[in-house]
Amino acid sequence: MSPSMPAVERSGRSARIGDSVFGAEGLSLWEQMLSAQNLGRALKRVESNRGAPGVDGLATHELRGWLRQHWGQVRAALDAGTYQPQPVRRVVIP
């Protein structure tokens, strides 16, 4: 599917408020997203991309150490709904 093509609803209906989302493991979507396995895969992808630092100046090789120190606070803020991400670094491509 190309980015210009609209997404197709596969089930024939949109999700409704209150719909429960459980994966094969019986975990909610939130639990699946924040699982150690999923976060580990995401971290490896970020590290393998070796992208430029964001607005916080944190390089990808510093990320693992930062997460070890701060993940508890980030997770608590995510669970409480109070997490405020930093702005995304914008690059204008001519």
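- Residues that satisfy the salt bridge (charged side-chain N to carboxylate O under 4.0 Å, His left out) test with Glu62, not counting sequence neighbours, are absent from this structure.
- To the nearest 0.5 Å, the span separating CZ on Arg41 from CG on Asn38 amounts to 5.0 Å.
- Gln86 contributes atom CD, which lies 9.0 Å from atom CG of Leu58 (distance to the nearest 0.5 angstrom).
- Listed by chain and number, the residues in a ring-ring contact (aromatic ring centres under 6.0 Å, His included) with His61 amount to none (sequence neighbours excluded).
- In this structure, Gln69 contributes its side chain and Trp66 its backbone to no donor-acceptor pair below 3.5 Å.
- Taking Trp71 as the reference, nothing meets the ring-ring contact (aromatic ring centres under 6.0 Å, His included) condition, with sequence neighbours excluded.
- The stretch residues 37-56 participates, sequence neighbours left out, in no ring pair (Phe, Tyr, Trp, His ring centres under 6.0 Å) pair at all.
- Sorted by first then second residue, the side chain to side chain donor-acceptor pair (under 3.5 Å) pairs that include residues 45-56, not counting sequence neighbours, are Glu47-Arg64.
- The shortest side-chain heavy-atom distance between Trp30 and Met33 falls under the 4.5 Å cut-off.
- With sequence neighbours left out, Ala77 forms a side-chain contact (heavy atoms from CB on, under 4.5 Å) with Thr82, Tyr83.
- The heavy-atom pair separating Leu43 from Leu67 by the smallest distance is CD1-CD1, 4.0 Å.
- For the salt bridge (charged side-chain N to carboxylate O under 4.0 Å, His left out) test, residues two or more places apart in sequence or in another chain that qualify with Arg75 are Asp79.
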